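As the structure is a prediction and not an experimental result, all values here were calculated from the model. Counting begins at 1 with the first residue of the sequence.
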Amino acid sequence: MIHKPRWRRTTPVLIATFQACTAPVLAQTMALEPVVVTTSRMDTPYEVTSDPKQPHASLPAQDGGAYLESVTGFNVSRKGGTSGEPVLRGLGGSRLNISASGGAIPGGCPSRMDPPTAYIFPQSYDRIEITKGPQSVRHGPATAGSVRFERDAPDFSQTTTRGFASFTAGSHARNDMATDITTGDADGYARFIGTLSSQDDYEDGGGETVHSQHERWSTSAIAGWTPGSDTEVEFSYDRSNAEAAYDDRSMDGTDFDRTGYRLSGSHENLASWLPRVEATAYYNNVDHVMDNFRLRDPGNMAMTRIVKRTTLGGRLAADMAPLPGMDIHAGLDYATNEHADSGSLMTMGSPLGGARFRSAPTPETAEFSDTGIFADMEQRIGDASWLTLGLRGDYHEAEALETGFGEAVRGQSDHRTQWSGFGRYEVALHDLPLNLYTGLGRSERAPDFWERERDFGIGSETLTQVDAGITIDHPRIQGTVALFHGWYDDYILITGGGDSARNVDAVTRGLEADVTVTLTPELSLTSSLAWTRSTNDTGNEPLAQTPPLEGTLGLDYEQAGYSAGVQWRGVARQDRVDEGSGTIYSLDTRETPGFATVSLHGGMQLFRETRLSAGIDNVFDQEYAEHIQKGSADLGAGSEPINEPGRILWASITTEF
C-alpha cells in the first residue's frame with residue numbers, strides 16, 4: 001500500500017482538554033491524546049473523522065444532525081428539540097449524502113420531519129467520516145459532500161468482553177443513556193448496542209417555552225464470523241423509534257419507526273495486486289407517522305398522516321494495487337426505494353383511536369432506483385506527493401406511481417445518466433510542517449423525491465468546484481485552512497413559498513479554518529472560522545439559505561486528570577436573502593441579526609477509564625435564532641423562526657471496560 005504522510009494516516013487530531021496519564025508525563029509532552037471534544041477538527045482541509053463516543057465539551061448530541069453541528073462548516077435547520085436538518089456550506093437534503101453502516105436511510109416525510117440523521121444515534125457508532133465537496137466518488141453523487149456513520153469490526157485473538165456506557169443529565173429533564181457491549185474470540189463476536197434519549201420542552205433565552213419535547217430509543221444486534229484471519233462475515237439488525245414535538249408546524253412526529261438489516265463480507269490478501277474485496281447488502285424500512293393530537297391539543301380538527309419508505313441496496317468493491325505506488329478502489333453500488341403516503345386523514349371533534357389511523361391505506365406514490373459504477377486511483381509521485389483521480393457514472397430511474405405526483409401521470413417515468421469525477425494533487429513539504437492540496441471536482445445529481453414532488457421532470461443539478469487547502473502540523477500549531485469556489489449548472493431552487501421548483505445557475509465560494517495553538521503543556525487556544533457566499537446568477541440575487549459568517553474561539557486547560565475550558569461563538573448578520581425561496585427543508589423569510597454565545601465546560605478523571613464532564617451552554621441566556629432554521633418549505637414563507645435553547649446545565653459520565 002502507498003505510504004502516506006502522518007496527517008493522512010493517523011486518527012483525527014481532535015481538540016482536547018484531558019490526557020489520561022500521570023502529571024509528570026503531561027508535563028513532558030506537547031501532543032495530548034484527546035478525550036474531551038470541543039469541536040471535530042479536519043484531518044485534511046476536505047476530510048473529517050470523529051469519534052462520537054468521546055466526551056464532549058457541550059451537551060452531547062441526541063441525533064446525527066445535532067452531532068454534525070459541532071463540525072466547522074455545518075449548520076442545522078431547527079424544527080424543535082430533535083431531528084434538525086444538517087447543512088454543509090448551505091447545502092443539505094440530497095446534496096449531502098448521509099449513510100449509516102454503508103446503507104441509505106432517505107426518510108419519507110413530505111415535510112422533511114425525518115431527515116436521515118433523525119434515525120441515527122451518534123453513540124451507537126464508532127466513527128463519523130465526512131468528505132467535504134466533490135472530492136470523492138465512492139459514496140454516490142453529492143455536491144455538498146458525504147457523511148458516513150460507521151461501526152468497526154472488533155479484532156479478537158482470544159476470548160474478550162469489552163464495553164462502553166454513558167449517562168447524561170441536563171436542563172429541561174434531559175436524560176440520555178447509551179451502552180455498547182461486545183464479546184468474542186478469534187472465531188467471531190456478538191455486539192449489543194442500546195440508546196435512549198428524552199427531553200421536555202425547552203425555554204429560549206427570553207423565557208418562552210418552545211414546543212420541542214422528544215423521546216428516542218434504538219437497539220442494534222450484531223453478529224460476526226471470522227473463519228480465518230483474512231475473512232469476515234457480519235450480520236446486523238437495527239431497530240429504533242421516536243416521537244418529537246415540532247414548533248415550526250401544526251403537526252408533530254409521533255412515530256419514527258425504523259427497521260434495518262445488513263449483511264456484509266470481506267476477504268483480504270487474495271493476491272499481491274488484490275489486497276481486499278468487500279460486499280454489502282442492506283434493507284431499511286421507515287414507517288413515519290405525524291399527527292396533531294398526541295403531543296398537543298388538536299382543537300376541533302384531528303389530523304394524521306402516515307408515510308413509509310422502503311430501501312434495498314448493496315455494494316461490491318475491491319482495493320487493487322496493480323503497480324508500485326498505485327492504489328485503485330473500484331466497485332459498483334445499487335439502491336432502490338419506494339415511497340407510500342396515506343395523505344392527510346382528518347376528523348372533526350375528538351381524535352380517532354390510533355389503531356384506526358394506523359389501519360388507513362398507504363398507496364404508493366413514487367419509486368426510485370440508482371445504479372452506480374465508480375473507480376478512484378491514487379498514484380504516488382516522488383517521495384511526498386500524490387495524485388488522485390476518480391470517475392463515477394450513475395443511471396437514475398424515477399417513476400410516478402400516482403397521478404399528480406409532481407404533475408406527472410401514473411406510470412410516467414424518467415431515466416437519466418449522470419457523471420461525476422475529481423482530480424486532486426497533494427504534497428507534503430519536507431522543510432516545513434505543511435501539507436498542501438488542490439483539486440477540481442464535478443458532481444451531478446438527479447432531483448430527489450421532494451424536488452420531483454414539485455416538478456417531476458426538473459433538470460439534474462451539476463456542481464463544478466475548485467478546492468485548495470493547507471494543513472499545519474507543528475508541535476505548537478496544528479490546523480487546516482480550506483478554500484472553495486464552485487459553479488452550479490441547473491441548481492434546483494425551491495420557489496413560490498415552497499410550492500414550486502426551478503433550475504438556476506449559481507456561484508458559491510467560501511473559506512473554512514480550524515487552528516489549535518498550544519500555549520503551554522497545560523493550556524491551548526482553539527479557533528474556527530466558516531464563511532460561505534453564494535449568488536443566484538440567473539436572478540442576479542443572493543442564493544437563498546446561505547449561512548452567515550461564523551467563528552469560534554476557545555481556551556482549554558488540563559492538568560493531572562482535571563480539565564476546564566471556555567468557548568465563544570460569534571455569528572454575523574445575514575442580509576443576503578431571497579424571501580420565499582430556498583430548499584426542500586428551509587426558506588428565506590427575512591434578514592437575521594448576528595449573535596454571540598459563551599459556553600463553559602470542565603471535567604475530571606474518576607478512574608482510569610471513567611470520566612465525569614459538566615458544563616453550561618449559553619451561559620448568558622442569550623435569546624437568538626439561527627439563520628438556517630426556517631422550518632419546512634411546505635409551510636410557506638410566513639413561518640416564524642425558532643429560538644435556540646437558553647441557558648443549559650448538563651453533566652455526563654462515560655466509562656469503558
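- Remark: R452 fails to qualify as a cation-pi partner of F449 under the 6.0 Å distance and 45° angle criteria applied to the six-membered ring.
- Proximity of a side-chain donor or acceptor of K53 to a complementary backbone N or O of Y125 within less than 3.5 Å is detected.
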S58 and D617: side-chain hydrogen bond (donor to acceptor under 3.5 Å, both in side chains), yes or no, with the steps? CA-CA 7 Å; S58 59; D617 294 349; 4.9 Å; no
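- In this structure, E623 places its CD atom where more than 12 heavy-atom neighbours from other residues, nucleotides or ligands lie under 6.0 Å away.
- Remark: side-chain polar atoms of D200 are not paired, donor with acceptor, to backbone N or O of A173 under 3.5 angstrom.
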Applying side-chain hydrogen bond (donor to acceptor under 3.5 Å, both in side chains) to S166 and Q123, what does each step give before you reach the verdict? CA-CA 9 Å; S166 72; Q123 287 190 321; 2.8 Å; yes
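- With a 4.5 Å cut-off on side-chain heavy atoms, I584 and D448 count as touching.
- Note: I494 CD1 to S500 OG = 7.5 Å, rounded to the nearest 0.5 Å.
- Applying side-chain hydrogen bond (donor to acceptor under 3.5 Å, both in side chains) to H211 and the options D248, D247, D252 leaves one that passes, D252.
- At a threshold of 4.0 Å, the pair D180-R151 does not count as salt-bridged, since none of the basic side-chain nitrogens sits closer than that to a carboxylate oxygen.
- Under a cut-off of 6.0 angstrom, the local environment of CZ in R296 is crowded, with over 12 non-hydrogen atoms contributed by other residues, nucleotides or ligands.
- Between the CG atom of D578 and the CD atom of E541 there is a distance of 4.0 Å, given to the nearest 0.5 Å.
- Annotation: the span from S212 atom OG to R78 atom CZ amounts to 7.5 Å, rounded to 0.5 Å.
- Both tests hold for R95 against Y491: distance to the six-membered ring centre under 6.0 Å, angle to the ring axis within 45°.
- The distance from atom OG of S240 to atom CH2 of W217, rounded to the nearest 0.5 Å, is 6.5 Å.
- Counting heavy atoms from C-beta outward, R294 and E243 have side chains that stay 4.5 Å or more apart.
- The closest donor-acceptor contact from the side chain of N284 to the backbone of A104 lies under 3.5 Å.
- Panel note: side chain D201, backbone Q213; a donor-acceptor pair is recorded below 3.5 Å.
- Between the R174 side chain and the I648 main chain, no donor and acceptor come within less than 3.5 Å of each other.
- Between F149 and F121, the distance separating the two ring centers is not shorter than 6.0 angstrom.
- For the side-chain hydrogen bond (donor to acceptor under 3.5 Å, both in side chains) test with T82, the passing option among Q62, H214, E215 is Q62; the others fail.
- Two residues are said to be in side-chain contact when any heavy atoms from C-beta on lie closer than 4.5 Å; F167 and M177 meet this criterion.
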Show your working on side-chain hydrogen bond (donor to acceptor under 3.5 Å, both in side chains) between S613 and S652 and close with a plain yes or no. CA-CA 5 Å; S613 303; S652 179; 6.0 Å; no
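- Here the side chain of Q574 pairs a donor or acceptor atom with the backbone of T546 at under 3.5 angstrom.
- Side-chain atoms of S171 come within 3.5 Å of backbone atoms of L649 as a donor-acceptor pair (strictly under, hydrogens ignored).
- Annotation: side chain of R258 is in contact with side chain of D238 (closest heavy-atom distance under 4.5 Å).
- With a 4.5 Å cut-off on side-chain heavy atoms, T532 and T508 count as touching.
- N292 places a side-chain N or O within 3.5 Å of a backbone atom of M303 that can act as its donor or acceptor partner.
- Counting only distance, with no hydrogens or angles, the side chain of R647 and the backbone of I616 share no donor-acceptor pair below 3.5 Å.
- Annotation for Y237: atom OH counts as buried by contact number, over 12 foreign heavy atoms lying within 6.0 Å.
- Separating the CG atom in L401 from the OG1 atom in T365 is a distance of 6.5 Å, to the nearest 0.5 Å.
- At distances below 3.5 Å, not a single donor-acceptor pair connects side-chain atoms of D63 with backbone N or O atoms of A118.
- A cation-pi arrangement is present between R112 and W450, with the terminal nitrogen or guanidinium carbon under 6.0 Å from the aromatic centre and inside a 45° cone about the axis.
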Start with the C-alpha distance between I130 and F74, add both sets of side-chain angles, then the distance that settles side chain to side chain contact (heavy atoms under 4.5 Å, CB included), and finish with yes or no. CA-CA 11 Å; I130 301 168; F74 275 88; 4.1 Å; yes
